[in-house]
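To start, the structure under review is shown below, and the notes come after it.
To find a chain, count down the sequence lines: A is the first, B the second, and so on, and within it residues start at 1. Both backbone and side-chain heavy atoms feed into the values below; hydrogens, waters and symmetry mates do not.
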There are 2 protein chains.
Amino acid sequence: MARKQGSHAGITGPKVQDAALRLFAQHGYAAVSMRQIAAEVGVQAGALYNYTADKQSLLFDLLRGNMTELIDALDAAALTGTPLARLDAFTRFHIRFHLPRRDTVFLSYMELRNLTDENFAQIAELRRAYEDRLEDILHDGVASGDFTVPDCRVATLGLIALLTGITNWYRPGGRLTAAEIEANYCTLVCQSVGARLA
Amino acid sequence: MARKQGSHAGITGPKVQDAALRLFAQHGYAAVSMRQIAAEVGVQAGALYNYTADKQSLLFDLLRGNMTELIDALDAAALTGTPLARLDAFTRFHIRFHLPRRDTVFLSYMELRNLTDENFAQIAELRRAYEDRLEDILHDGVASGDFTVPDCRVATLGLIALLTGITNWYRPGGRLTAAEIEANYCTLVCQSVGARLA
DNA sequence: GTCTATAGGTAGATAGAC
DNA sequence: GTCTATCTACCTATAGAC
């Protein structure tokens with residue numbers, strides 16, 4: 001079946017998202033022009049507006065997509081067992097989700113400033129929902145006497161910062177494999193909440 | 001002694017730095033124009049170039065000043081005692097230094113991308129020097145049997161991310177005082193390296 | 001759906017008067 | 001040291017041809 005001349009729907013769209021993600025992560029949202037994104041995709045700047053209302057939507061859609069994907073994947077993992085087992089599983093989940101998505105993670109933590117107030121509020125709500133999953137694990141561990149944590153909210157924010165920081169220095173092919181890094185961080189995390197290691 | 005008309009050397013200079021810091025931290029380096037900085041200072045854009053060679057130097061000087069100040073302050077603190085005592089002191093030092101400088105810290109971690117290659121290399125070297133101070137403490141603790149850490153380098157990067165993350169959510173007048181936060185993080189940090197708490 | 005062209009505005013940086 | 005004025009370049013977004 002013949003396709004309309006010049007029609008690339010379903011191809012150009014994702015390429016625009018990919019190019020925007022890569023360029024925003026590398027240079028920062030404000031430093032990247034629509035012309036640069038268009039050049040990366042291989043079209044002229046005006047053509048981008050067939051796929052996004054404006055530059056802001058491009059950023060917002062990337063961040064929202066990342067957060068909903070993250071939360072859906074965590075809920076699908078359905079962590080069960082003792083608080084320590086769930087904490088260990090959360091740690092491994094977080095690392096496995098984030099390591100292959102370093103560009104997106106970087107964006108999600110660095111470019112919140114460049115969202116409009118309304119868009120920021122939506123992303124913040126999603127982040128809070130994710131954090132709450134971890135905080136629940138910590139609360140349960142404290143209640144059961146498995147964990148020693150002075151303040152679960154502080155520990156939650158601290159642990160997420162600890163884990164997400166990996167994306168700032170991890171490089172594929174570096175000194176440690178992803179599995180080694182994962183094991184290292186599991187030890188750090190479980191020890192940090194005062195859990196006895198198995 | 002009469003001052004030259006319109007001369008404000010020693011006043012405008014620091015004001016330019018302050019305004020650049022505040023605006024860069026709030027909106028991001030790339031999103032802030034020299035005209036905005038000038039307006040914040042209360043001069044016209046052209047006058048800024050009496051105090052900085054260009055916009056890049058403005059950013060670089062802020063970051064370099066922060067890093068050298070940080071390292072000098074740490075060395076002046078001259079942490080001594082057992083590895084656990086030194087780790088506790090490092091944690092408190094890091095938090096006390098960073099909490100009142102949230103704008104600068106934010107810049108130092110977010111705007112490295114916007115440095116030229118040469119300027120980036122200089123800042124990276126200073127950061128490495130700071131990290132090494134913590135890594136030495138961890139090495140000593142492992143050697144003495146006080147700490148259980150699988151990989152000191154990983155733990156160093158992790159702990160710095162953990163501690164620096166405070167600046168992302170701390171607000172003066174929030175639920176916890178700075179002293180409470182400090183105590184919370186000391187517990188987390190010391191437990192994370194497998195140290196027995198005093 | 002993509003192109004060219006362009007509107008309307010702002011950017012960093014400089015020149016020369018005072 | 002600061003001002004006004006300006007240069008050159010780039011920006012986002014839109015209009016209309018194909």
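For the OP1/OP2 pair of C:dA11 and a distance below 4.0 Å, the side-chain nitrogens and oxygens of B:Ser33 include at least one atom meeting the criterion. At D:dT2, none of the side-chain N or O atoms of B:Gln44 fall inside 4.0 Å of OP1 or OP2 (strictly under the cut-off). Remark: A:Thr12 is in phosphate contact with C:dT2, judged by side-chain N or O atoms under 4.0 Å from OP1 or OP2.
Checking A:Ala47 against B:Ala45, the closest nucleotide of DNA chain D that is more toward the 5' end is the one next to B:Ala45. Residues A:Gln36 and A:Gly46 each lie close to DNA chain D; by heavy-atom proximity, the contact nearer the 5' end of the strand is made by A:Gln36.
At whole-Å resolution of the value, CD1 in A:Ile11 and P in C:dT2 are 10 Å apart. For the pair B:Ile37 CD1 and C:dT10 P, the computed distance is 17 Å after rounding to whole Å. For B:Asp54 and C:dA11, the CG to P distance is 17 Å, given to the nearest whole Å. B:Lys55 places its NZ atom 12 Å from the C1' atom of C:dT10, with the value rounded to the nearest Å. Distance OH (A:Tyr49) to C1' (C:dT4): 16 Å, rounded to an integer number of Å. Rounded to whole Å, the distance from CG on B:Leu59 to C1' on C:dG12 is 15 Å. In this entry the distance linking CG of A:Asn50 with P of D:dG16 reads 16 Å, nearest Å. Between the CZ atom of B:Arg35 and the P atom of D:dA5 there is a distance of 13 Å, given to the nearest Å.
For the residue pair A:Asn119 and A:Gln56, a side-chain donor N or O sits within less than 3.5 Å of a side-chain acceptor on the partner. Side-chain N/O atoms of B:Glu69 and B:Asn66 include no donor and acceptor closer than 3.5 Å.
Using cut-offs of 30° and 60° for the angle between ring planes, the A:Tyr185 and A:Trp169 rings count as parallel. Under the 30°/60° scheme for interplanar angles, the aromatic rings of A:His94 and A:His98 are found to lie parallel.
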Given ring-ring contact (aromatic ring centres under 6.0 Å, His included), test A:Phe90 with A:Tyr130 step by step and report yes or no. CA-CA 11 Å; A:Phe90 179 92; A:Tyr130 182 70; 5.5 Å; yes
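Residue contacts shown for B:Val32 are limited to sugar-phosphate atoms, with no base heavy atom under 4.0 Å away.
Closest to the side chain of A:Met34, out of D:dA13, D:dT2, C:dC3, is D:dA13.
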